[in-house]
Q: 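Take a look at this one; I'll ask things after.
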Amino acid sequence: MAEDLPQQHAIDASAAMPPLDDTLRHILELARWAPSGDNSQPWRFEIIDARRLVVHGHDTRAYCVYDLDGHPSQMSLGALLETMALAAGTYQLSMSVRRRHDSPDSRPTFDVAFMPAPEASADPLAEFIVQRCVQRRPLRTRPLTPTEKTTLAQTLPAGYRLVWHERPGQRLALAALLYRNAGLRLRMPEAYPTHRAVIEWNVDTSEDRIPDRALGVDPLTRHMMRWVMQSWRRVEFCNTWLAGTVAPRLQMDLLPALACAAHFLLLAPQRPLSIDDYVAAGRAMQRFWLTATALGLQLQPQMTPLIFARYLREQRPFTANATLQARAAALALRAERLFGRHDWEHAVFMGRIGAGRTAEARSLRLPLRQLLQAETASAANGQA
């Protein structure tokens, strides 16, 4: 997200849409809890009738360096669709979905329909849709049990697999990689507008951003971050003369990377290329994350190394700072050696996992009425 984001204008949807059936309302109330990068929620709902709707997706590639070709947002849309299917199952409904291939890549559109499935049983993962969240604070280091790892692997769609890095030496190597990667994130002028826009300060929850108390840093560091991030000039000064990235990197990257049970890569059956590949990966990601939640495990995504590596693999610069670009290239090579080239190029989701307390501060979601009204307004303006 950026400093000045496109605004979705709310209007009264009552005259523009059919009445919202109670069952469909409950499905969407659960579906909106799907994960999305920086709590961007890149979806709006257009109701057709009691069992049909259109999901209007959008991405943030125009103003967010992390949303490379919109693929992270497409994974979020996949997570939304998987969550919707799980929610429908609680009403003995099956879901069909078709992407409109004539929709722009930056605004993928999906036709969704629900059909009676009286013989189907509800997937138990539906119980954990709202409970699932990001935990950025340190976790316990007790190893995952064989049963936990098997359960996580078995929830994945055919062809997807997990790679674990859980030994102390592996966690130390990942911690060093993530610490250095965070140095790129926090020094890049291209990332600053996103960092400034996505944090809501002095709150435990946020409907459309990340609450500062969920960042995983102590109160003094939060206070300093808020002051520093008011302008890029302050960021540059603190980074140059006051080692301004050290405390955030220690607390948000290095220590959490050490304090966990394991790091993981989620690998797709083939190297992802298309929108449909990333949507499918998002569905697999959500099943994995919900299964972890059901097992009492906490999770933190760590996606920027994958994103920066793809920029470099495709020889696409993502910063005008030549020094940072060179450091990123060295880090990508280190990651490739750590994970192996095949696994690194097939990875669609990366993070750390372990037992621990549920996050006390967390992102919430926009109310359903805004997700309906916003799309109605967009369609009315010819911008669907």
Q: What distance do I47 atom CD1 and L20 atom CG have between them, rounded to the nearest 0.5 Å?
A: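 Here the rounded value is 5.0 Å.
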Q: Do T155 side-chain atoms and T151 backbone N/O form a donor-acceptor pair below 3.5 Å?
A: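 Judged by distance alone, no pair lies under 3.5 Å.
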Q: Measuring from atom CG of L86 to atom CD of E82, what distance do you get when rounded to the nearest 0.5 angstrom?
A: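 If we round to the nearest 0.5 Å, L86:CG and E82:CD are 5.0 Å apart.
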Q: List the atom of A191, the atom of R185, and the distance in Å for their closest heavy-atom pair.
A: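 Minimum heavy-atom separation between A191 and R185: CB-O, 3.6 Å.
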Q: Taking the basic N atoms (NZ, or NE/NH1/NH2) and the acidic carboxylate oxygens, is any pair closer than 4.0 Å for R51 and D21?
A: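 D21 and R51: salt-bridged.
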Q: Can R132 be said to sit on top of W33's aromatic six-ring, NZ or CZ under 6.0 Å from centre and within 45° of the ring axis?
A: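 No, R132 does not lie over the aromatic ring of W33.
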Q: How far does CZ of R187 sit from OG1 of T245, to the nearest 0.5 angstrom?
A: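 Between atom CZ of R187 and atom OG1 of T245 there are 4.0 Å.
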Q: Side chains of P42 and D59: closer than 4.5 Å at any heavy-atom pair?
A: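 No, every pair of side-chain atoms sits at 4.5 Å or beyond.
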Q: For E360, look at atom CD and say whether over 12 heavy atoms of other residues, nucleotides or ligands are found less than 6.0 Å away.
A: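 Counting other residues, nucleotides and ligands, CD of E360 stays at 12 neighbours or fewer.
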Q: Taking the side chain as C-beta and beyond, is there a heavy-atom pair between L30 and V130 under 4.5 Å?
A: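 Yes; the side chains approach each other to less than 4.5 Å.
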Q: If Ile, Leu, Val, Met, Phe, Trp and Tyr residues are connected whenever their side-chain heavy atoms lie under 4.5 Å apart, and connections chain through other members, are L125 and M285 in the same group?
A: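 The answer is no; the residues belong to distinct hydrophobic clusters.
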Q: Taking the side chain as C-beta and beyond, is there a heavy-atom pair between L295 and L144 under 4.5 Å?
A: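 No; the side chains remain at least 4.5 Å from each other.
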Q: For a quick test of reading the model, state the closest non-hydrogen atom pair linking P305 to Q302 and the distance between them.
A: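 Heavy atoms of P305 and Q302 come nearest at CD-O, 3.6 Å.
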Q: Whether R249 engages the ring of Y179 as a cation-pi pair (distance to the six-membered ring centre under 6.0 angstrom, angle to the ring normal within 45°) should be assessed.
A: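 So R249 does make the cation-pi contact.
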Q: Can a donor-acceptor pair be found, under 3.5 Å and without considering hydrogens, that links the side chain of N39 to the backbone of L364?
A: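 Indeed, once roles are kept as given, a pair shorter than 3.5 Å links the two residues.
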Q: Which distance, rounded to the nearest 0.5 Å, do you find between the CZ of F308 and the CG of L331?
A: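 Rounded to the nearest 0.5 Å, the CZ-CG separation comes out at 9.5 Å.
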Q: For E190 and T319, which I'm curious about, is there any donor-acceptor pair between the side chains at under 3.5 Å?
A: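 The criterion, which ignores hydrogens and geometry beyond distance, is satisfied for T319 and E190.
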Q: If you group Ile, Leu, Val, Met, Phe, Trp and Tyr whenever their side-chain heavy atoms sit less than 4.5 Å apart, what else falls in with L333?
A: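 L333 shares its hydrophobic cluster with no other residue.
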Q: If the condition is ring pair (Phe, Tyr, Trp, His ring centres under 6.0 Å), which residues does W232 pass it with, not counting sequence neighbours?
A: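 By the ring pair (Phe, Tyr, Trp, His ring centres under 6.0 Å) rule, W232 matches Y192.
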Q: With hydrophobic residues grouped by side-chain heavy-atom distances under 4.5 Å, do V198 and M75 end up in a single group?
A: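 No, separate clusters.
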Q: Does the plane of the ring in F339 sit parallel, tilted or perpendicular to the ring in W344? Use 30° and 60° as the thresholds.
A: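 Rings of F339 and W344: parallel, under 30°.
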Q: Please check if any side-chain donor atom of Q286 sits under 3.5 Å from a side-chain acceptor atom of T83, or the reverse.
A: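 A donor-acceptor contact under 3.5 Å links the two side chains.
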Q: So that I can tick it off, tell me whether R99 and D276 are bridged by a salt bridge, with the cut-off set at under 4.0 angstrom between side-chain N and carboxylate O.
A: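 Judged by the 4.0 Å cut-off on N to carboxylate O distance, D276 and R99 do form a salt bridge.
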Q: Describe, in one word, how the ring planes of F349 and F288 are oriented to each other, choosing from parallel (under 30°), tilted (30 to 60°) and perpendicular (over 60°).
A: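 Taking F288 first and then F349, their aromatic rings stand perpendicular (interplane angle over 60°).
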Q: Is any side-chain heavy atom of L178 closer than 4.5 Å to a side-chain heavy atom of H263?
A: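 SC-SC contact between L178 and H263 confirmed.
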Q: Using a strict 4.0 Å threshold on nitrogen-to-oxygen distance, state whether D343 and R161 make a salt bridge.
A: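 A salt bridge is present here (some side-chain N lies under 4.0 Å from a carboxylate O).
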Q: Just how far is it from atom CD1 of I27 to atom CG of D22, taken to the nearest 0.5 Å?
A: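 These two atoms lie 11.0 Å from each other.
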Q: Just how far is it from atom OG of S73 to atom CD1 of I275, taken to the nearest 0.5 Å?
A: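 Nearest 0.5 Å value for the OG-CD1 distance: 11.0 Å.
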Q: Going only through I, L, V, M, F, W and Y residues with side-chain contacts under 4.5 Å, is there a path from L324 to L177?
A: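 Yes, it is one cluster - the side chains of L324 and L177 are joined through contacts under 4.5 Å.
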Q: How would you list, by chain and number, every residue that makes a ring pair (Phe, Tyr, Trp, His ring centres under 6.0 Å) with F128, sequence neighbours excluded?
A: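 So F128 forms no ring pair (Phe, Tyr, Trp, His ring centres under 6.0 Å) with any residue.
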Q: Determine the minimum heavy-atom distance between R137 and Q135, stating which atoms define it.
A: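 Shortest heavy-atom contact: N-OE1, 3.0 Å.
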Q: Is the shortest side-chain N to carboxylate O distance from D111 to R52 below 4.0 Å?
A: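 No, this pair does not count.
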Q: Can you classify the ring geometry of W241 versus F237 as parallel (below 30°), tilted (30 to 60°) or perpendicular (above 60°)?
A: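 Taking F237 first and then W241, their aromatic rings sit tilted (interplane angle of 30° to 60°).
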Q: Is it true that K149 and E166 have a side-chain N and a carboxylate O under 4.0 angstrom from each other?
A: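 Answer for the salt bridge query: yes.
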Q: Between the side chains of D105 and R61, is the shortest nitrogen-to-carboxylate-oxygen separation below 4.0 Å, so that they form an ion pair?
A: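 Looking at R61 and D105, the cut-off is not met.
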Q: What verdict does the side-chain hydrogen bond (donor to acceptor under 3.5 Å, both in side chains) test give for R136 and Q300, after you've listed the backbone C-alpha separation in whole Å, the side-chain angles of each residue and the deciding distance to 0.1 Å?
A: CA-CA 6 Å; R136 297 178 179 87; Q300 179 186 5; over 6 Å; no
